[in-house]
Amino acid sequence: MIRRYGDVLAAWTIFAIVAAVYLWSAFNRPLAYIWLTYEDLIGEWVQFWCFFVTFVLSLRLAIGRGRYRLFFAALALAAFYVSMEEISWGQRVFAFESPDFFKENNLQGETNLHNFLTGPFTTTLKDALRWCVALGLFGYGVFYPLALKLKWRLFRWVGGMGLAPPPGYLWPFFATAAFLELGYLGFNEAEPAEVLVGFALVLMSLHWQWRRACETSDTSVPPGVSPPGMPPTMCVMAFVLIVFLAENTTLMMYASPARRERMLSRIENGVEKFAGRYKRYEQWEMASELYEQMLRKRSRSTSTLRNLAICYDNAGDTKRSQARIQSALAIDLSRYKRD
């Protein structure tokens, strides 16, 4: 059973771990969710290492013999491009200044290409790109393997032309990522979507590495017989390696005073945005936790105090609500007196 379905169980376990971590942090630890979804922090480094490992594995498949060489050559180029875009072609590591052209035209002022088209605000183009990405993920990762399993002639022809299908058991990664890419929740969910896609591509590349090894080994399986499933240890080791690299890269970045300041600035920005998001979803306890975090940095911010009063009031903590209102009034009265 393990030999035949071990890769399926390992892949689904990885999916369950990633989904559980993001869900748990979103509902219980808002600061952890910010660390998992904001730039320069651990979630982005997981994405970088997923796509970089995909680049390395795909390059090996492109160099060797096989009917999907061109596909994996294209995937290697795409994975390299995405991994470099994730770190703005080294800007996040080496902290160099953006050239004037990027400052003027890039929506985030960074040295990358994708932010020429999308940025931290909603546009018609951004919505259209979301739908294209979501349909592409669902079509390739869910519909295409299903159509091949059903032996639909058109898709068998497409496969024969060189489009390598992902193993069917990766459909939860692609389907969930496709939904999250649409951004219906308004909770920065495109970031976990990229993590899921990254792990799916790593597992797919490992799957085809294993298939090629089985086909070229001296003890290859007879014609017409499916090779045994990929050892689950390959999946687990890849997952552990990527998490290890992402965690240590984040720690290395945090050890630098200049980079730490930039990371803390990102976190502060995330705290403010997510406090408002939790408030909109009426998650009063988590919103108040983030507003309290903001108050430690901005002790005389009356807007933060009033938002805290609203959260405490809706959470049933009238005493704290009144205390925050009184503090806001006292600060306002002192300003009026001074002015």
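Every value quoted in this text rests on a predicted model; they were computed, and no experiment measured them.
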K.L.:
With sequence neighbours left out, write down each residue that passes salt bridge (charged side-chain N to carboxylate O under 4.0 Å, His left out) with Glu292, or none if nothing qualifies.
P.N.:
Arg324

K.L.:
Quick check on ring pair (Phe, Tyr, Trp, His ring centres under 6.0 Å): which of Tyr169, Phe173, Tyr22, Trp171 does Phe15 satisfy it with?
P.N.:
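Testing each of Tyr169, Phe173, Tyr22, Trp171 against Phe15, the sole residue satisfying ring pair (Phe, Tyr, Trp, His ring centres under 6.0 Å) is Phe173.
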
K.L.:
Mind checking whether Tyr68 and Trp208 have parallel, tilted or perpendicular rings, split at 30° and 60°?
P.N.:
perpendicular

K.L.:
Hey, can you tell me if Phe155 and Trp152 have their rings parallel, tilted or perpendicular (30° and 60° cut-offs)?
P.N.:
tilted

K.L.:
Should the pair Phe80 and Phe55 be assigned to parallel (<30°), tilted (30 to 60°) or perpendicular (>60°) ring geometry?
P.N.:
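Tilted.
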
K.L.:
My understanding is that only residues two or more places apart in sequence, or in another chain, count here; which of them pass side chain to side chain donor-acceptor pair (under 3.5 Å) with Glu247?
P.N.:
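Not a single residue meets the side chain to side chain donor-acceptor pair (under 3.5 Å) criterion with Glu247.
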
K.L.:
In Å and rounded to the nearest 0.5 Å, what is the CZ to CD distance from Phe72 to Gln209?
P.N.:
8.0 Å

K.L.:
Do the ring planes of Phe187 and Tyr278 sit parallel (below 30°), tilted (30 to 60°) or perpendicular (above 60°)?
P.N.:
perpendicular

K.L.:
State plainly whether the residues Glu272 and Lys297 are in salt-bridge range, i.e. N to O under 4.0 Å.
P.N.:
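No, this pair does not count.
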
K.L.:
Would you give me the side-chain donor-acceptor pairs under 3.5 Å for residues 42-50, sequence neighbours excluded?
P.N.:
unit_1, atom_1, unit_2, atom_2, d
Glu44, OE1, Asp40, N, 2.8
Glu44, OE1, Arg92, NE, 3.4
Gln47, NE2, Glu191, O, 3.4
Gln47, NE2, Glu191, OE1, 2.8
Trp49, NE1, Thr249, OG1, 3.1

K.L.:
Okay, side chain of Arg306, backbone of Ala328: is any donor-acceptor separation there less than 3.5 Å?
P.N.:
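Answer holds: no.
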
K.L.:
Give a yes or no answer on whether the side chain of Asp313 reaches the backbone of Ala309 with a donor-acceptor pair at less than 3.5 Å.
P.N.:
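No, Asp313 side chain to Ala309 backbone: no donor-acceptor pair under 3.5 Å.
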
K.L.:
Please find out if less than 6.0 Å separates the ring center of Phe143 from that of Phe138.
P.N.:
no

K.L.:
Check whether Leu75 and Met161 end up in the same hydrophobic cluster, where Ile, Leu, Val, Met, Phe, Trp and Tyr are linked by side-chain heavy atoms less than 4.5 Å apart.
P.N.:
yes

K.L.:
Would you give the length of the straight line joining atom CG of Leu150 to atom CG of Leu146, rounded to the nearest 0.5 angstrom?
P.N.:
4.5 Å

